[in-house]
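By convention in this document, chain letters (A, B, ...) are assigned in the order of the sequence lines, proteins followed by strands, and residues within each chain are numbered from 1.
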Amino acid sequence: MTTTIYVPCDTTARSLGADAVAARLTRAAERLGVAIQLKRNGSRGLFWLEPLVEVETAAGRVAYGPVAPTDVDALVEAGLFEGRQEHALALGDIEAHPYLARQQRLTFSRIGITDPLSLEDYTARQGFAGLQHALALAPQDIVEEVKTSGLRGRGGAAFPTGIKWQTVHDTPAAQKYIVCNADEGDSGTFADRLVMECDPFMLIEGMTIAGLAVGATQGYIYLRSEYPLAHAMLDEAIARAEAAGYLGENILDSGQAFHLEVRLGAGAYICGEETSLLESLEGKRGLVRAKPPLPAIEGLFGQPTVVNNVLSLAAVPFILDQGGQAYADYGMGRSRGTLALQLAGNVERGGLVELAFGTTLRELMESFGGGTRSGRPLKAVQVGGPLGAYLPQSQWDSPIDYEGFAAFGGVVGHGGVVMFDDSVDMGDQARFAMEFCSVESCGKCTPCRIGAVRGVEVIDRIRAGERAEENLALLSDLCDTMVDGSLCAMGGMTPFPVQSVMKHFPDDLTPRQAEGGR
Amino acid sequence: MSHASPQAADTWTSAQIQAVVDEHRSLPGAMLPTLHALQDRFGHIPEAAIPIIAEALRHTRAEVHGIISFYHHFRTQPPGRHVIQVCRAEACQAVGARALEAHAKSALRVDYHQTTADREFTLEPVYCLGNCACGPSLRVDDEVHGRMDAAGFDRLTAQLSATVVEVK
Ligand SMILES: Cc1cc2nc3c(=O)[nH]c(=O)nc-3n(C[C@H](O)[C@H](O)[C@H](O)COP(=O)(O)O)c2cc1C
Ligand code: SF4
Ligand code: FES
């Protein structure tokens, strides 16, 4: 009998040695004359357990992790190929693990279970059921279903997806486009990457449904160049979907067409901003465009264009399959459905946590995250990427939803949660926020381009003890100028992390020599 | 793919450049795909490519320069045998990226955007590799490495230096 063994193939598992683990397992099986089939599944997103090896047994899959390459021989000796559970790394049924069992995985229902490039695996678990349903609907009815779901853009701005689609649907044009924003530039985020590396057909399906809804026949995935593995997976998935008739001139013999292509970015954070992204796709420098016109009316090559984040599009197959209401049944207030939270930074159990809106940060960081990796007390958490505020302890108990966070100046953004222990110097973090903006500004407007450079200088002066009071006031004014005078959120929100440090961690923004080494 | 071991970097002919450009020029929004293809093939975008691109895509040379310099990914100088990108972003900072970057610079005796004297390594900053739960992260060519520290960095660079150039 052949035993199926799973070794994840995503970037994180591989960054921790999954390929070497797979090679050693193969060698051990050959040596012992055991017949195994090694499958490279996606990651389940429990990153502290990667590489997470699973073995198919009569009683279901059993897991081991984290498995270092050097653990393989001992694990095999302790009966890994038979699924025996005596070894210290044995985890049993991983789906019963509280970290997974307590999640509400609507979008990430397949990751880690399937072979990302297997159409058979995909369709065996509801894959393309949403597309089949959409093909039987009128375009307006697809849009209605998305409106019913209450889905709001997961890329940062939280704009209602159904309304955006309606605008593109209602704007007549010979050519319309679906553009997937896969620039995922925020530090602390990897959910888009997981979709693309571990369940790429879901994104393809979501984009195809979007095309049917608004009358677009061409789609582009604008992918950051920092994700070479996602690139390879997407290219292969698109080729297979085309060959099987899920993409192309005549989708599933419906007479409807949708073509899809991956385009690579080139290491510019600002190209995640949708108008900068469109400029870049058109082959130009990624300078932000003034709005209006909205991309939904004049987008790529001047045509009506849906620009949506990977996660927004990846939520669509579920919505079309199970109904918009089934999605809307999760969540709180005006934040419907689930949010892919990403636990990162100094965290003991980092990974992907998909939950309905409404959990608290504390719950997330403590009962899922297990506190810091260093074991030291948590000091601050940055939610929502480099433009998000640093939140102190007093703000960890409010439920995570768009309105609730906005009320105290927080940003949910793309759902990244970056944890810092008490060894962090928040003055360094404030400085970095300005430095990052100075590196990544598109340069179109002065408050951002010049302000960020000045911001770094002023913070350096404060920390050097040069007229600290005066320079703190200057920093405060500079922040206000950037917030008020910037064309886009790059310049407009870079002050958020800086202001949060000034407000909640003022002791870290005093002259450094006075601090006495930590 | 991005740094997928460019075949014999810094050797190119105008005819080869022209061929790469011709292969991509008819795409809608051909500029970035063209630049990527050139860099993938030659390791960098040779100065000699600029007039060829400008001509094919109907831009001025200055515009082409402007586009190349806007994007951090594109380089106009040949890199070392391996490109090492150290993640400088927040989630990696939270677990020691600042120390790792300082170590990388001093161990290789270069600053960012520089190549070691033996032309083995080019060091670059990167802002997130999507490996943020297992940092500090760095990327060598197309491979990402997690939970890096100074000792891991030294082991990695020693291994890379030891591998002989593959003769294809
Ligand atoms: C500086 C900046 C960077 C951004 N980066 C991203 C990004 O990497 N990915 C993304 O989906 N949206 C990003 N956005 C948000 C996009 O502009 C846009 O709101 C989003 O792509 C719309 O899709 P959604 O409605 O599905 O969220 C960024 C915005 C700004 C201002
Ligand atoms: S705020 Fe900054 S990034 Fe945004 S348009 Fe202005 S200069 Fe460009
Ligand atoms: S912040 Fe370093 S990999 Fe994301």
Heaviest contributor of heavy-atom pairs below 4.5 Å to chain B, chosen from A:Val439, A:Leu194, A:Leu287, is A:Val439
Considering only heavy atoms and a distance below 4.5 Å, find which of B:Glu90, B:Glu143, B:Arg88 pairs most often with chain A.
B:Glu90
Is chain B contacted by the side chain of A:Thr12, its backbone, both, or neither, given a heavy-atom distance below 4.5 Å?
both
Can you tell me which portion of A:Glu197 sits under 4.5 Å from chain B's heavy atoms? Options are side chain, backbone, both or neither.
neither
In this structure, is the centre-to-centre distance between the rings of A:Phe436 and B:Tyr127 below 6.0 Å?
yes
Please answer whether the main-chain N or O of B:Ile68 pairs with a side-chain N or O of A:Arg285 as donor and acceptor at a distance below 3.5 Å.
no
Are a donor atom and an acceptor atom from the side chains of A:Thr11 and B:Asn131 found within less than 3.5 Å of each other?
no
Interface check, chain A: of B:Pro125, B:Cys134, B:Ser69, most non-hydrogen pairs under 4.5 Å belong to B:Cys134
Could you tell me the separation between the CG atom of A:Asn346 and the SG atom of B:Cys92, rounded to the nearest 0.5 Å?
11.5 Å
Step-by-step side chain to side chain contact (heavy atoms under 4.5 Å, CB included) determination, A:Gln382 to B:Gln93
CA-CA 12 Å; A:Gln382 187 179 34; B:Gln93 291 167 6; over 6 Å; no
Given A:Ala344, A:Ala191, A:Ala266, the one with more heavy-atom pairs under 4.5 angstrom with chain B than any other is A:Ala266
Got more than 12 heavy atoms from elsewhere within 6.0 Å of CD, A:Glu236?
yes
What part of A:Cys271 gets within 4.5 angstrom of chain B, counting heavy atoms only: side chain, backbone, both, or neither?
side chain
Proximity breakdown for A:Asp192 and chain B, heavy-atom pairs closer than 4.5 Å:
neither
Could you check whether B:His72 and A:Glu440, counting side-chain N and O atoms only, form a donor-acceptor pair closer than 3.5 Å?
yes
Side chain, backbone, both or neither: which part of B:Pro28 has a heavy atom under 4.5 Å from chain A?
both
Any side-chain heavy atom of A:Tyr227 sitting closer than 4.5 Å to one from B:Val144?
no
Near B:Arg61 CZ, under 6.0 Å, is it more than 12 heavy atoms from other residues, nucleotides or ligands?
no
Locate the shortest heavy-atom distance separating B:Cys128 from A:Gly185; write the atom from each residue and the value.
CB-O, 4.2 Å
Side-chain contact test, heavy atoms from C-beta onward, threshold under 4.5 Å: evaluate it for A:Glu279 versus B:Phe70 and give yes or no.
no
So which of A:Met419, A:Arg349, A:Arg373, A:Gln218 has the largest heavy-atom pair count under 4.5 angstrom toward chain B?
A:Arg373
Under a 4.5 Å heavy-atom cutoff, which of A:Ser187, A:Gly283, A:Gly350 has the most pairs with chain B?
A:Ser187
Give a yes or no on whether the backbone of A:Arg224 and the side-chain of B:His73 come within a donor-acceptor separation of less than 3.5 Å.
no
Between B:Gln85 and A:Glu226, do the side chains contain a donor N or O and an acceptor N or O under 3.5 Å apart?
no
Side chains of B:Tyr71 and A:Ser225: donor-acceptor distance under 3.5 Å anywhere?
no
Segment of A:Leu300 engaging chain B (4.5 angstrom heavy-atom cut-off):
neither
Pick from A:Pro386, A:Ser374, A:Gly351, A:Gly286: which one has the most heavy-atom pairs with chain B under 4.5 Å?
A:Gly286
Please walk me through it: do B:Leu32 and A:Arg263 pass side chain to side chain contact (heavy atoms under 4.5 Å, CB included)?
CA-CA 8 Å; B:Leu32 264 67; A:Arg263 286 295 176 87; over 6 Å; no
Name the region of A:Tyr269, side chain, backbone, both or neither, that has any atom closer than 4.5 Å to a heavy atom of chain B.
neither
Does any heavy atom of chain B fall under 4.5 Å from the side chain of A:Phe47, the backbone, both, or neither of them?
both
